[in-house]
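Before any comments, here is the structure.
Both backbone and side-chain heavy atoms feed into the values below; hydrogens, waters and symmetry mates do not. Each chain gets a letter, A, B and so on, in the order the sequences are listed, and its residues count up from 1. Predicted, not measured: the structure shown is a model, and the values here were computed from it.
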2 protein chains.
Amino acid sequence: MENNLKSNLENLTIGTFAKAAGVNVETIRFYQGKGLLLEPEKPYGGIRRYDGSDVARVLFVKSAQRLGFSLDEIADLLRLEDGTHCEEASHLAEHKLKDVREKLADLMRMETALAELVCACHATNGKVACPLINALQSN
Amino acid sequence: MENNLKSNLENLTIGTFAKAAGVNVETIRFYQGKGLLLEPEKPYGGIRRYDGSDVARVLFVKSAQRLGFSLDEIADLLRLEDGTHCEEASHLAEHKLKDVREKLADLMRMETALAELVCACHATNGKVACPLINALQSN
DNA sequence: CTTGACTCCGTATATAACTACGGAGATAAG
DNA sequence: CTTATCTCCGTAGTTATATACGGAGTCAAG
């Protein structure tokens, strides 16, 4: 046996990689096809290896997805990472930032509405008009 | 002008309804099939009519979708509205609230990361390590 | 009362994002 | 070396969310 933390995420085969990222192998391959993940070099007819940064990338994709970004949008976000095309990346980032801030506003309205609903429900134990639709409408 | 919107939105046929909500007719019917919208009574072999509350409902669905909720989850949210099953609704609302708060946290981290990225990009005009992945990873 | 746009409804097709399958080759444990 | 388990890769199937199509009925204007 070896060191524990970081060395656990080195030299992973695609199976352990997938498990570490909480997705299945097919999803990894699918993401590679979409350009969301790079396919590492294959050592002469052998088997590709992955590491912690790949795991992080998949986790990022999954998180961004939960926030309503499509895989294509996420690919855009990830392209910001490479540091080249700074001008372009900056533009894209600003655009996404606007996006993110709108989502934030919606979510905050939704949070308020839900919190009120829970409150009202507990308080009155009766009929309550749902403020939810209204919440996202005021925009 | 605050009532203007509403008074324009009475007695709509499905076509004008769809236009008002910014979706197409087929989407309306699809949502009816999924239980996201009620199908109004059809006046003896005639044509159904819709109003502003239907439009609001569709707009809510679309907003919630942008926030990463699935149609099934949105159906859950909408079921909170009817005021019956208060106990159950309250439970559901609490669960969704947790959800919403997690998304909020992720989005805020993402906002920070994007803002930093734009900033750094403008400042250095050079290579910048992307804080994005890191942002959503710290959870 | 005809005409053209619209509705109704059922079925079919499309797109995104997976998920499953299967045969051939690689690797590790015994 | 054998064998079980995995990887590789290509193709096919699935689920969620729409969109498109088409024939028959309905409505409102001329």
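Identified under the salt bridge (Lys or Arg N to Asp or Glu O under 4.0 Å) test for residues 37-47 of chain A, with sequence neighbours left out: Glu39(A)-Arg48(A).
Taking atom CZ of residue Arg66(B) and atom P of nucleotide dT17(D), one finds them 16 Å apart after rounding to whole Å. Rounded to an integer number of Å, the gap from CZ of Phe17(A) to P of dC8(D) is 12 Å. As rounded to whole Å, 15 Å separates atom P of dC27(D) from atom CD1 of Ile14(B). If you measure from atom CG of Leu36(A) to atom P of dA16(C), you get 13 Å, rounded to the nearest angstrom. Taking atom CD1 on Ile28(B) and atom C1' on dT7(C), their separation rounds to 13 Å, with Å as the unit. Atom CD of Gln32(A) and atom P of dG10(D) are 12 Å apart (whole Å). Between Leu12(B) atom CG and dC6(C) atom P there is a gap of 15 Å when expressed in whole angstrom units.
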Could you list the donor-acceptor pairs under 3.5 angstrom formed by side chains in residues 30-38 of chain B, with sequence neighbours left out?
from	atom 1	to	atom 2	distance (Å)
Tyr31(B)	OH	Lys62(B)	NZ	3.1
Gln32(B)	NE2	Tyr50(B)	OH	2.8
Lys34(B)	NZ	Asp72(B)	OD1	3.3

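Contact check, Lys42(A) against dC9(D): a side-chain N or O comes under 4.0 Å of OP1 or OP2. Close to dT7(C), at under 4.0 Å from its OP1 or OP2, lies a side-chain N or O of Thr13(B).
Contact check for Leu107(A) versus Lys103(A): no side-chain heavy atoms found under the 4.5 Å cut-off. Contact annotation: the side chain of Leu9(B) never approaches that of Asp54(B) to less than 4.5 Å [non-hydrogen atoms, C-beta and beyond].
For Asp51(B), the salt bridge (Lys or Arg N to Asp or Glu O under 4.0 Å) criterion is met by no residue, not counting sequence neighbours. Looking at residues two or more places apart in sequence or on another chain, you find no salt bridge (Lys or Arg N to Asp or Glu O under 4.0 Å) involving Arg29(B). Residues that satisfy the salt bridge (Lys or Arg N to Asp or Glu O under 4.0 Å) test with Arg57(A), not counting sequence neighbours, are Glu81(A).
Residue Arg29(A) is classed as a base contact, given a heavy-atom separation below 4.0 Å to a base. Counting any heavy atom pair closer than 4.0 Å across all strands shown, Glu39(A) reaches sugar-phosphate atoms only and no base atom.
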Q: Would you give a per-nucleotide map of nucleotides 18-30 of chain C, 5' to 3', where B means the base has a protein non-hydrogen atom under 4.0 Å away, S means only the sugar-phosphate does, and - means neither?
A: BBBB----SS---
